[in-house]
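Hydrogens, waters and symmetry mates are skipped; everything else that's a heavy atom, side chains included, is used.
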Amino acid sequence: MSQSTGWRIPSPQRSASGASIVELLVVMTITGLVAGGLFSFFMATSRTYTDQAVVARLLQNASSAMTRITQDIRQAGTFWALPCALESLVTATNGPPGRITVRQMLDDPAVRTEVAPPPPAGQSQSTAVLRVVSTAGFQVGDTAYITDGAQCSRFSVTQIIGGANPGLQHHPNDDLNSPGGFGYLYPATTSVVYRLGTNRTITYTIDNSNPSGPWLTRNIGAGPRKLAPDIESIRFAYVMSDGSTVADPAAVTSAAQAASIRMVIVSVTVRGDRVSPGVAGDGFRRQTLVSRVQLRNLGP
(Lines give C-alpha, C1' and ligand atoms only; values in the text may rest on other atoms or scores of the structure.)
Protein backbone atom coordinates (compact mmCIF):
# COMPACT_ATOMS: atom_id res chain seq x y z
CA MET A 1 0.00 0.00 0.00
CA SER A 2 1.38 3.22 -0.94
CA GLN A 3 1.37 6.21 1.56
CA SER A 4 0.96 9.76 0.48
CA THR A 5 3.59 12.27 1.53
CA GLY A 6 3.62 16.12 1.67
CA TRP A 7 2.62 19.12 3.83
CA ARG A 8 -0.66 19.14 5.80
CA ILE A 9 -2.45 22.46 5.98
CA PRO A 10 -2.98 23.26 9.73
CA SER A 11 -6.56 23.86 10.95
CA PRO A 12 -7.34 27.35 12.22
CA GLN A 13 -7.37 26.69 15.99
CA ARG A 14 -6.95 29.20 18.87
CA SER A 15 -3.67 29.12 20.60
CA ALA A 16 -3.89 27.67 24.09
CA SER A 17 -1.31 30.14 25.40
CA GLY A 18 -3.30 33.52 25.29
CA ALA A 19 -6.26 35.61 24.14
CA SER A 20 -6.84 37.10 20.79
CA ILE A 21 -6.37 40.79 20.02
CA VAL A 22 -10.12 41.26 19.72
CA GLU A 23 -10.73 39.83 23.19
CA LEU A 24 -8.07 42.05 24.70
CA LEU A 25 -9.66 45.10 23.14
CA VAL A 26 -13.08 44.12 24.46
CA VAL A 27 -11.73 43.58 27.98
CA MET A 28 -9.87 46.91 27.93
CA THR A 29 -12.98 48.72 26.74
CA ILE A 30 -15.15 47.22 29.49
CA THR A 31 -12.50 47.94 32.11
CA GLY A 32 -12.26 51.56 30.96
CA LEU A 33 -16.03 52.01 31.11
CA VAL A 34 -16.22 50.54 34.62
CA ALA A 35 -13.27 52.61 35.84
CA GLY A 36 -14.76 55.75 34.31
CA GLY A 37 -18.10 55.07 36.00
CA LEU A 38 -16.46 54.46 39.36
CA PHE A 39 -14.41 57.65 39.02
CA SER A 40 -17.50 59.68 38.11
CA PHE A 41 -19.38 58.18 41.06
CA PHE A 42 -16.48 58.94 43.40
CA MET A 43 -16.18 62.53 42.20
CA ALA A 44 -19.94 63.11 42.49
CA THR A 45 -19.95 61.66 46.00
CA SER A 46 -16.95 63.79 46.95
CA ARG A 47 -18.59 66.96 45.60
CA THR A 48 -21.82 66.14 47.42
CA TYR A 49 -19.99 65.55 50.69
CA THR A 50 -18.00 68.76 50.30
CA ASP A 51 -21.13 70.76 49.47
CA GLN A 52 -22.96 69.28 52.44
CA ALA A 53 -20.06 70.31 54.66
CA VAL A 54 -20.28 73.86 53.26
CA VAL A 55 -24.02 73.96 53.99
CA ALA A 56 -23.47 72.63 57.52
CA ARG A 57 -20.88 75.30 58.32
CA LEU A 58 -23.09 77.94 56.72
CA LEU A 59 -26.06 77.03 58.91
CA GLN A 60 -23.87 76.78 62.00
CA ASN A 61 -22.49 80.28 61.45
CA ALA A 62 -25.95 81.72 60.85
CA SER A 63 -27.37 79.97 63.92
CA SER A 64 -24.50 81.15 66.12
CA ALA A 65 -24.95 84.76 64.99
CA MET A 66 -28.73 84.69 65.38
CA THR A 67 -28.58 83.13 68.84
CA ARG A 68 -26.28 85.81 70.22
CA ILE A 69 -28.19 88.70 68.64
CA THR A 70 -31.55 87.48 69.93
CA GLN A 71 -30.15 86.95 73.43
CA ASP A 72 -28.98 90.56 73.58
CA ILE A 73 -32.21 91.93 72.15
CA ARG A 74 -34.27 90.03 74.74
CA GLN A 75 -32.22 91.77 77.44
CA ALA A 76 -32.83 95.21 75.97
CA GLY A 77 -34.18 97.81 78.34
CA THR A 78 -35.02 97.04 81.94
CA PHE A 79 -37.26 94.63 83.72
CA TRP A 80 -39.67 97.51 84.30
CA ALA A 81 -42.73 98.12 82.21
CA LEU A 82 -43.07 100.80 79.54
CA PRO A 83 -42.93 103.95 81.72
CA CYS A 84 -39.21 103.54 82.45
CA ALA A 85 -38.22 103.04 78.82
CA LEU A 86 -36.91 106.59 78.62
CA GLU A 87 -34.44 105.90 75.83
CA SER A 88 -34.50 104.08 72.54
CA LEU A 89 -33.59 100.52 73.46
CA VAL A 90 -33.05 98.96 70.04
CA THR A 91 -31.89 101.02 67.06
CA ALA A 92 -30.87 99.72 63.66
CA THR A 93 -29.99 100.69 60.11
CA ASN A 94 -30.54 98.51 57.07
CA GLY A 95 -28.02 100.25 54.87
CA PRO A 96 -25.60 97.60 53.61
CA PRO A 97 -24.40 95.56 55.31
CA GLY A 98 -26.60 96.50 58.28
CA ARG A 99 -26.11 97.52 61.88
CA ILE A 100 -27.96 97.19 65.17
CA THR A 101 -27.40 98.75 68.59
CA VAL A 102 -29.03 97.27 71.68
CA ARG A 103 -29.18 99.26 74.91
CA GLN A 104 -29.27 97.25 78.11
CA MET A 105 -30.49 99.15 81.15
CA LEU A 106 -30.78 96.75 84.07
CA ASP A 107 -31.61 97.65 87.63
CA ASP A 108 -29.85 96.31 90.72
CA PRO A 109 -32.39 93.92 92.31
CA ALA A 110 -30.73 94.31 95.72
CA VAL A 111 -31.23 98.10 95.80
CA ARG A 112 -34.90 99.05 95.75
CA THR A 113 -37.05 101.14 98.05
CA GLU A 114 -40.48 102.74 98.28
CA VAL A 115 -41.44 106.38 98.51
CA ALA A 116 -41.95 107.20 102.21
CA PRO A 117 -45.53 107.91 103.32
CA PRO A 118 -45.38 111.13 105.40
CA PRO A 119 -47.97 113.67 104.19
CA PRO A 120 -48.59 114.82 101.60
CA ALA A 121 -49.01 111.33 100.11
CA GLY A 122 -46.66 111.84 97.23
CA GLN A 123 -43.52 113.64 96.24
CA SER A 124 -42.95 115.88 93.29
CA GLN A 125 -39.96 115.28 91.06
CA SER A 126 -39.26 118.99 91.51
CA THR A 127 -38.58 118.34 95.21
CA ALA A 128 -34.85 118.36 95.91
CA VAL A 129 -35.09 115.47 98.38
CA LEU A 130 -37.14 112.35 97.68
CA ARG A 131 -38.14 110.83 101.01
CA VAL A 132 -37.81 107.06 100.88
CA VAL A 133 -38.26 104.14 103.24
CA SER A 134 -34.58 103.18 103.05
CA THR A 135 -31.41 104.44 101.40
CA ALA A 136 -29.55 101.14 101.81
CA GLY A 137 -27.38 100.38 98.79
CA PHE A 138 -27.68 103.81 97.18
CA GLN A 139 -24.54 105.89 96.72
CA VAL A 140 -23.78 109.44 95.65
CA GLY A 141 -23.47 109.52 91.86
CA ASP A 142 -25.93 106.68 91.29
CA THR A 143 -28.51 106.91 88.55
CA ALA A 144 -31.94 106.07 89.95
CA TYR A 145 -35.49 105.76 88.70
CA ILE A 146 -38.74 106.49 90.44
CA THR A 147 -41.98 105.11 89.00
CA ASP A 148 -45.56 104.43 90.00
CA GLY A 149 -46.24 102.24 86.97
CA ALA A 150 -47.80 105.10 85.02
CA GLN A 151 -44.98 107.67 84.95
CA CYS A 152 -41.26 107.40 85.39
CA SER A 153 -38.42 109.84 86.08
CA ARG A 154 -34.68 109.41 86.18
CA PHE A 155 -32.37 111.35 88.47
CA SER A 156 -28.79 111.37 89.72
CA VAL A 157 -28.24 111.00 93.46
CA THR A 158 -26.23 113.96 94.81
CA GLN A 159 -26.53 113.26 98.52
CA ILE A 160 -27.72 110.52 100.87
CA ILE A 161 -29.97 111.80 103.66
CA GLY A 162 -29.91 109.60 106.77
CA GLY A 163 -31.69 109.76 110.09
CA ALA A 164 -35.35 109.26 110.93
CA ASN A 165 -36.51 110.57 107.54
CA PRO A 166 -34.09 109.10 104.98
CA GLY A 167 -34.02 110.52 101.49
CA LEU A 168 -32.18 110.84 98.20
CA GLN A 169 -31.18 114.35 97.22
CA HIS A 170 -30.80 115.38 93.57
CA HIS A 171 -30.89 118.39 91.23
CA PRO A 172 -34.32 118.41 89.56
CA ASN A 173 -33.23 120.82 86.84
CA ASP A 174 -30.49 118.41 85.76
CA ASP A 175 -32.64 115.29 85.74
CA LEU A 176 -34.31 113.51 82.85
CA ASN A 177 -37.96 113.67 83.84
CA SER A 178 -39.90 112.53 80.77
CA PRO A 179 -42.36 110.82 80.75
CA GLY A 180 -42.72 112.02 84.35
CA GLY A 181 -41.97 115.67 84.89
CA PHE A 182 -41.65 118.56 87.28
CA GLY A 183 -44.57 118.62 89.69
CA TYR A 184 -45.65 115.03 89.05
CA LEU A 185 -46.61 113.39 92.35
CA TYR A 186 -45.45 109.85 93.00
CA PRO A 187 -47.84 108.20 95.48
CA ALA A 188 -46.30 106.89 98.67
CA THR A 189 -46.06 103.11 99.26
CA THR A 190 -46.97 102.38 95.60
CA SER A 191 -44.07 104.24 93.98
CA VAL A 192 -40.73 102.46 93.82
CA VAL A 193 -37.19 103.84 93.49
CA TYR A 194 -34.61 101.68 91.69
CA ARG A 195 -30.87 101.94 91.27
CA LEU A 196 -29.53 101.55 87.74
CA GLY A 197 -26.92 98.79 87.87
CA THR A 198 -26.08 98.29 84.18
CA ASN A 199 -26.24 100.77 81.34
CA ARG A 200 -24.39 99.67 78.24
CA THR A 201 -24.83 99.43 74.52
CA ILE A 202 -24.07 96.45 72.31
CA THR A 203 -23.47 97.09 68.63
CA TYR A 204 -23.49 94.49 65.86
CA THR A 205 -22.07 95.29 62.46
CA ILE A 206 -20.33 93.60 59.51
CA ASP A 207 -16.54 93.77 59.04
CA ASN A 208 -15.66 93.47 55.35
CA SER A 209 -11.94 94.16 55.77
CA ASN A 210 -11.02 90.46 55.50
CA PRO A 211 -10.56 89.52 51.80
CA SER A 212 -11.44 85.89 52.50
CA GLY A 213 -14.90 86.73 53.81
CA PRO A 214 -16.98 89.06 55.99
CA TRP A 215 -17.32 88.75 59.76
CA LEU A 216 -20.13 89.69 62.11
CA THR A 217 -18.66 91.74 64.97
CA ARG A 218 -19.99 92.54 68.45
CA ASN A 219 -18.91 95.63 70.36
CA ILE A 220 -19.80 96.15 74.03
CA GLY A 221 -17.61 99.22 74.40
CA ALA A 222 -14.08 97.84 74.12
CA GLY A 223 -14.01 97.73 70.32
CA PRO A 224 -15.56 95.29 67.84
CA ARG A 225 -14.81 91.60 68.39
CA LYS A 226 -15.31 88.97 65.70
CA LEU A 227 -18.31 86.79 66.45
CA ALA A 228 -19.23 84.72 63.36
CA PRO A 229 -17.60 84.38 59.92
CA ASP A 230 -19.19 84.69 56.48
CA ILE A 231 -22.13 86.82 57.68
CA GLU A 232 -22.84 89.11 54.73
CA SER A 233 -25.68 91.25 56.05
CA ILE A 234 -28.09 91.81 58.91
CA ARG A 235 -31.48 93.45 58.48
CA PHE A 236 -34.16 94.51 60.91
CA ALA A 237 -37.79 95.49 61.10
CA TYR A 238 -39.96 96.54 64.03
CA VAL A 239 -43.37 95.32 65.11
CA MET A 240 -45.18 98.12 66.93
CA SER A 241 -47.68 98.03 69.79
CA ASP A 242 -50.59 98.35 67.33
CA GLY A 243 -49.41 95.30 65.37
CA SER A 244 -48.05 97.23 62.39
CA THR A 245 -44.62 96.49 60.93
CA VAL A 246 -42.00 99.16 60.26
CA ALA A 247 -39.69 97.74 57.60
CA ASP A 248 -37.19 100.60 57.73
CA PRO A 249 -35.73 101.25 61.20
CA ALA A 250 -34.74 104.76 60.11
CA ALA A 251 -38.46 105.64 60.08
CA VAL A 252 -38.53 105.43 63.89
CA THR A 253 -37.34 108.92 64.81
CA SER A 254 -39.18 109.92 67.99
CA ALA A 255 -39.10 108.70 71.58
CA ALA A 256 -42.82 107.91 71.37
CA GLN A 257 -42.25 105.67 68.34
CA ALA A 258 -39.32 103.94 70.02
CA ALA A 259 -41.43 103.30 73.12
CA SER A 260 -44.04 101.59 70.92
CA ILE A 261 -41.63 98.92 69.61
CA ARG A 262 -42.73 95.51 70.84
CA MET A 263 -40.83 93.10 68.65
CA VAL A 264 -37.73 93.10 66.45
CA ILE A 265 -37.58 91.02 63.27
CA VAL A 266 -33.97 90.02 62.62
CA SER A 267 -32.69 88.68 59.28
CA VAL A 268 -29.18 87.26 58.99
CA THR A 269 -27.73 86.38 55.58
CA VAL A 270 -24.72 84.06 55.56
CA ARG A 271 -22.52 82.98 52.65
CA GLY A 272 -20.76 79.64 52.13
CA ASP A 273 -17.03 79.61 52.80
CA ARG A 274 -16.18 78.17 49.37
CA VAL A 275 -17.62 77.92 45.88
CA SER A 276 -20.17 75.16 45.40
CA PRO A 277 -20.65 73.45 42.00
CA GLY A 278 -23.88 74.14 40.21
CA VAL A 279 -24.65 77.36 42.09
CA ALA A 280 -25.43 80.27 39.78
CA GLY A 281 -23.88 83.71 40.06
CA ASP A 282 -20.63 83.83 41.99
CA GLY A 283 -20.93 80.17 42.98
CA PHE A 284 -21.44 80.74 46.72
CA ARG A 285 -24.38 79.27 48.54
CA ARG A 286 -26.36 81.71 50.71
CA GLN A 287 -28.94 81.26 53.40
CA THR A 288 -31.10 83.80 55.27
CA LEU A 289 -32.38 83.10 58.76
CA VAL A 290 -35.28 85.16 60.16
CA SER A 291 -36.22 85.45 63.82
CA ARG A 292 -38.95 87.45 65.59
CA VAL A 293 -37.67 88.61 68.97
CA GLN A 294 -40.14 89.70 71.64
CA LEU A 295 -38.94 92.62 73.76
CA ARG A 296 -39.96 91.19 77.11
CA ASN A 297 -39.16 94.40 78.98
CA LEU A 298 -41.48 96.69 77.06
CA GLY A 299 -45.03 95.78 77.85
CA PRO A 300 -47.54 93.57 76.00
Side-chain angles (χ1 to χ4, degrees), residues 39-77 88-104 198 200-239 245-252 258 261 263-295:
F39 179 77
S40 298
F41 174 77
F42 172 78
M43 292 301 297
T45 303
S46 178
R47 284 194 298 267
T48 300
Y49 175 81
T50 301
D51 195 39
Q52 288 177 343
V54 169
V55 172
R57 290 192 297 270
L58 178 150
L59 294 176
Q60 182 179 11
N61 291 338
S63 177
S64 175
M66 183 66 80
T67 298
R68 194 56 185 268
I69 292 174
T70 54
Q71 285 177 345
D72 285 339
I73 291 177
R74 286 194 178 97
Q75 293 294 326
S88 181
L89 301 179
V90 180
T91 59
T93 57
N94 281 339
R99 177 188 183 93
I100 188 170
T101 298
V102 178
R103 180 179 293 276
Q104 293 182 340
T198 301
R200 67 176 182 177
T201 58
I202 303 172
T203 301
Y204 287 94
T205 190
I206 306 296
D207 180 2
N208 284 308
S209 62
N210 186 354
S212 63
W215 277 82
L216 176 67
T217 66
R218 181 175 183 264
N219 185 356
I220 59 175
R225 302 294 178 86
K226 291 181 177 179
L227 180 63
D230 302 313
I231 306 298
E232 282 194 324
S233 67
I234 46 179
R235 293 184 61 84
F236 306 90
Y238 298 141
V239 178
T245 299
V246 178
D248 182 8
V252 177
I261 298 173
M263 186 180 296
V264 179
I265 303 175
V266 184
S267 300
V268 174
T269 299
V270 61
R271 188 194 75 179
D273 56 8
R274 64 177 61 187
V275 172
S276 296
V279 177
D282 60 3
F284 287 99
R285 289 195 180 277
R286 287 174 173 82
Q287 182 71 40
T288 298
L289 267 63
V290 180
S291 180
R292 298 168 68 91
V293 188
Q294 180 73 42
L295 298 178

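Leu216 and Thr205 make their closest contact through CD1-O, 3.5 Å (heavy atoms, listed as atom of the first residue, atom of the second, distance). In this structure, Ala65 and Ala228 approach most closely via the heavy-atom pair CB-CB, 4.1 Å. Shortest non-hydrogen contact noted between Leu58 and Arg285 is CD1-O, 3.5 Å. The shortest non-hydrogen separation linking Leu227 to Trp215 is N-CE3, 4.1 Å.
Residues passing the side-chain hydrogen bond (donor to acceptor under 3.5 Å, both in side chains) test with Ser63: none are found, sequence neighbours excluded. Remark: Arg218 pairs with Asp72 by the salt bridge (Lys or Arg N to Asp or Glu O under 4.0 Å) rule, at least two apart or across chains. Scored by the salt bridge (Lys or Arg N to Asp or Glu O under 4.0 Å) test, Arg68 finds no partners at all (sequence neighbours excluded). Listed by chain and residue number, nothing satisfies the salt bridge (Lys or Arg N to Asp or Glu O under 4.0 Å) test with Asp248 (two or more places apart in sequence, or in another chain).
Note that CD1 of Ile231 is 6.5 Å distant from CD1 of Ile206, once rounded to the nearest 0.5 Å. Once rounded to the nearest 0.5 Å, the distance linking CZ of Arg292 with OG1 of Thr245 reads 6.5 Å. Between Asp273 atom CG and Arg57 atom CZ the span is 4.0 Å, to the nearest 0.5 Å. With rounding to the nearest 0.5 angstrom, the CG atom of Asn208 is 10.0 Å from the OG1 atom of Thr217.
Judged as a salt bridge (Lys or Arg N to Asp or Glu O under 4.0 Å), the pairs with a partner in residues 224-234 (not counting sequence neighbours) are, in order, Glu232-Arg286.
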Test Val102 against Val264 for side-chain contact (heavy atoms from CB on, under 4.5 Å), laying out the working first. CA-CA 11 Å; Val102 178; Val264 179; over 6 Å; no
Give the C-alpha distance, both sets of side-chain angles, the deciding distance and a yes or no for side-chain contact (heavy atoms from CB on, under 4.5 Å) between Ile69 and Ile73. CA-CA 6 Å; Ile69 292 174; Ile73 291 177; 3.7 Å; yes
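A donor-acceptor contact shorter than 3.5 Å links the side chain of Asn94 to the backbone of Phe236. Asn219 places a side-chain N or O within donor-acceptor distance of the main-chain N or O of Gly223, the cut-off being under 3.5 Å. A donor-acceptor contact shorter than 3.5 Å is absent between the side chain of Thr203 and the backbone of Thr101.
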Run the side-chain donor-acceptor check on residues 265-272: report pairs under 3.5 Å with partners two or more places apart or on a different chain.
residue : atom : partner : partner atom : Å
Thr269  : OG1  : Thr288  : OG1          : 3.0
Arg271  : NH2  : Ser212  : O            : 3.4

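Summarising the local packing, CD of Gln71 is surrounded by more than 12 heavy atoms from other residues, nucleotides or ligands at distances under 6.0 Å.
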